[in-house]
Each structure stands twice: as C-alpha cells, then as structure tokens.
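What follows is one structure encoded as structure tokens, with my remarks underneath.
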Amino acid sequence: MHPRIRKSAALAAPAAALLALLAPGASHAADEAPGLPPASLTALPALPKSPALDLSTLKINKESNKELAKDAGKAAKPADDDAFREKDVWGRIRSGYAIPDLNNELVAKQTRWYGAHPDHMAITAGRASRYLFHVVSELEKRGMPTELALLPFIESAFNPEALSRANAAGMWQFVPGTGRDFNLKQDAFKDERRGIVASTDAALSYLQRLYDMFGDWQLALAAYNWGEGSVQRAIARNQAAGKPTDFQSLAELMPTETREYVPRLQAVKNIVGNPTQFGVKLPLIDNAPYFTAVDKTSDIDLTIAAQLAELSVAEFKALNPQFKRPVITGDDQTKILLPKENAAKFQLNLAQWGKELSTWTTHKITSARESIGALASRFHTTPEVIRQANDIPQRSMLKAGSTILVPKVSTSAYLDIAPEVADNATMAFEAERAGGRTSKSGYKRAGAGKAGHDGPVSLVKARVPRDAARHKGRKTSN
C-alpha cells in the first residue's frame, strides 16, 4: 500500500495484477455502518441566504463565549511525561476531555446506536489504532481538547481513503478547496488530504481557527461540518431575535446533519469514557508511537517500497494513502511512514536491493494521433495498464499536451520524474464515438478522480469555500 515489475514485454501481466490492487476507488465509511451515515457522507441542505453579515455584530457574543469557554479550551495540557504514564492511548484521551458535555435526546439516540453496533466500534477503533497516538500527541502539543481525536470516528470511521459523494477525502474529510487553503498538496501523484500527518495538522489548525473565531468548541465543531459562514449567519439571526447563541439554541437553524454532528461526537466520547457501561470492548492501543517517518532516496514503486518494508501493500497504503499512483515521486521532503519495527527492515533491505527502485516514468502526448493502444505497444505494456495507472476513462482518447505515467524503457531507466513534472502534470481527453469519431471534450488534472465523480456544488461538504462556490456566477450583496 510484490514482486518487482519488469521493464520488458512481460510487464503487462504483473503490472495489471498490481494495478488491480492500486486502482482508485476509495471506500465509504457508510458502507461499513449502513445504519449510521457518517456526517461527511451525507448531502447538506443549504441554509437560506440571509442578509450580509456585519461581523462586528458577533464581537460581544464572541468575547462572552470566549470567557465562558476559556477554562474548557485550555484544559488540555501540552504533552509531557505525565502523558506517557497512561498505559494506553484511550486513557490519555479520557484525561484530556475538555469540551463541555452535551446531554439531550439526540446524544442518547446516537449513544444507543453505537452501543447497539459494537462491531462497527471495534472495526473503527482497530483502524484508529495506527493513528490515534499521533493525533492525541498533536492535540496535546497545541493544548486542545483530546476528545477531538475522536472526530474521525464521525467523519470517516478512521478510513484515510474514505471519499464522500461530495469529493471530501481522507480521515478528516477535506474538500479540495479547503485542503488547498491549508496547504494540502493535490497533484497528479499525491493527495495530502489523505496523508496522515499532513491532514491531521491541517484539521487541527482549522479547528483551532474556528474555536478562536467562535470561542466555543461546540460551535467550532458545527462550523467544521456546516461552514463558518453558515454558523455566523445563524448567530446573527438569533441575536437579531434576542435569542441565545449557544449550540443548542442554534440547532433548530441547522440542517439535520449538523444538528446531529456534535451529539454524535458526544456519543462516541461517552462510550470511550466508559466502554463497559455500553457493552463495548475497545482494543488496547499502546501509548507509544505506531509509525515513524523514513526518507526515500529516489522515485520508488509503491509495491517495491512495501516489499522492502516487509509489509503487505494494504498495510503500506494504510500509512501512506496520499500516494495515488504506482510510483512514489517527490524530492527529499517526501517521507513515507512505516511501523517502527519495519522502518529498520526497510533501510536494511534498501541497502541490499541493488536493482531499479522505480519502473515508471512520464510521457507527454505531442499528438492526438497517439492512441492508448499505440502507447501501450511502444512501452511494452497493455492499454489497460496505462488506463489504470493514469485513471483514464474507458472509451476516451488523450489530447495533445497530456502527461501520463508509462512503464520505463531502457533509455530512461535511471531517471526520476522531475518534481515540476509531477506538480504540473495535466490530462485532457475526449470521449470516443463509434467509428473513431469524438464527442464531448473533457479536461482534468491528472489523477483528480474518475470523470463524473465530482458532486454538484450543493453536495460539497460544508466548508468556507462552499458558500462562495454556491453563489459563483451571480451577483450578491455581500
């Protein structure tokens, strides 16, 4: 996430088999828990547009909320020696709870659901065992409430390859625009919205920014799901009506998903706080780092990296889900994550490898006459291998200017893919018609996802850019 791919005419069969393992197609957390659609995988009703908001109207509310939440917001202490006295990570999470509890019928309903589905809790907690130590440590460094480490239970069931209908990706479910706002790189070869370290850093930065804005963790969480602009408008609406502006008072203005979002986190928090009471058995997660970062010296096939680390491809991908292609590119800033015991094996096996580490390179289409079939013949492979490696839709042909991934041939055997090529690679195509003619043309960033999978704007997971996107193309008074 072993056998080496050979750069010869025999490449096609093994490459096809390996690509079957690597082919895009992220699973949905909802598929594993059909009774509880995670918040990030559900379409969001839009709040009716309210008049332009003068942010100065929020000042009094914001300052008063900050005073009320001051103790709660700073209750979690930075990581120190005390943190490592807990025997497992669950204990560290419990000891750092700092968000005021919510207690209503929605919390009770969600708690009953989780308690009635212990298998879902067990699967999700097992998946989380790779990541929780890192997330909790980062929260403690920032002095943030540690129950925020449980948020991926709601967002993605701790599946870093989760992809919502709205194209929100990763453990923390960032949509593309918000990912770019927080410097999560998205190009032909990687999507850092899925990267464990990068996405966690971005998510905690975003949550802290929302808390600084609202002075209230429950409102910050609502804004993480619904969008800060939507929460601001709801606050202004209640202020104008002389009503309170805490989460429960604003809940009636929220779409169902957001209204249930904070109660759902509270439910998980309740169960983690006392799993025995709810008949849930949480797996032991050692209070020690699960993974470490390892440098890569050059381009390396994902399958070869897994082989050198003595890991299955699936386990390798679980720690390195940001790499979207069969080859891991990038300069010396690119790291791979490995379990600590496998990192030493990787270094030892790498030193003894003595063969090519990468069997892929790039090729730029210079003429529309270069068909997939002709390219496959030229690079000693099959059309299906090229299509899968580049996520090229069936029955389409590439347009001039496209940059695609192809197997290496002897003339380029020792050349890495240049960083600027990986950063700027694009792919343009047009669909074929019967008889070889073409119909509609299409254009996309290479590897940006299968054609037609981007949801309409109304389905985009709530983030600040959503508000702008929804009104794009028409004049507003804002």
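- Between the side chains of N287 and R92, a donor-acceptor pair is found at a separation under 3.5 Å.
- A donor atom on one side chain and an acceptor atom on the other are not found under 3.5 Å apart for T329 and D299.
- Counted by atom type alone, T256 and R259 present one or more donor-acceptor pairs between their side chains at under 3.5 Å.
- From Y290, atom OH reaches atom CG of L132 across 12.5 Å, with rounding to the nearest 0.5 Å.
- If you check the side chains of N342 and E310, you find no donor sitting under 3.5 Å from an acceptor.
- For Y224 and Y206, the ring centers sit closer than 6.0 Å to each other.
- Note: D119 CG to T124 OG1 = 10.5 Å, rounded to the nearest 0.5 Å.
- Y211 and W217 have parallel rings, their planes meeting at less than 30° on a 0 to 90° scale where 60° marks the start of perpendicular.
- No hydrogens or angles considered: a donor-acceptor pair under 3.5 Å links the side chains of E155 and Y261.
- If you check the side chains of W172 and T200, you find a donor sitting under 3.5 Å from an acceptor.
- Using a 4.0 Å cut-off between charged side-chain N and carboxylate O, D423 and K185 make a salt bridge.
- For the residue pair Q394 / E384, a side-chain donor-acceptor distance below 3.5 Å is found, with atom types taken as modelled.
- For the atom pair CG of D295 and OG1 of T334, the computed distance is 10.0 Å after rounding to the nearest 0.5 Å.
- Atom CG of N183 sits about 9.5 Å away from atom OG of S205, to the nearest 0.5 Å.
- Two residues are said to be in side-chain contact when any heavy atoms from C-beta on lie closer than 4.5 Å; L219 and Q232 fail this criterion.
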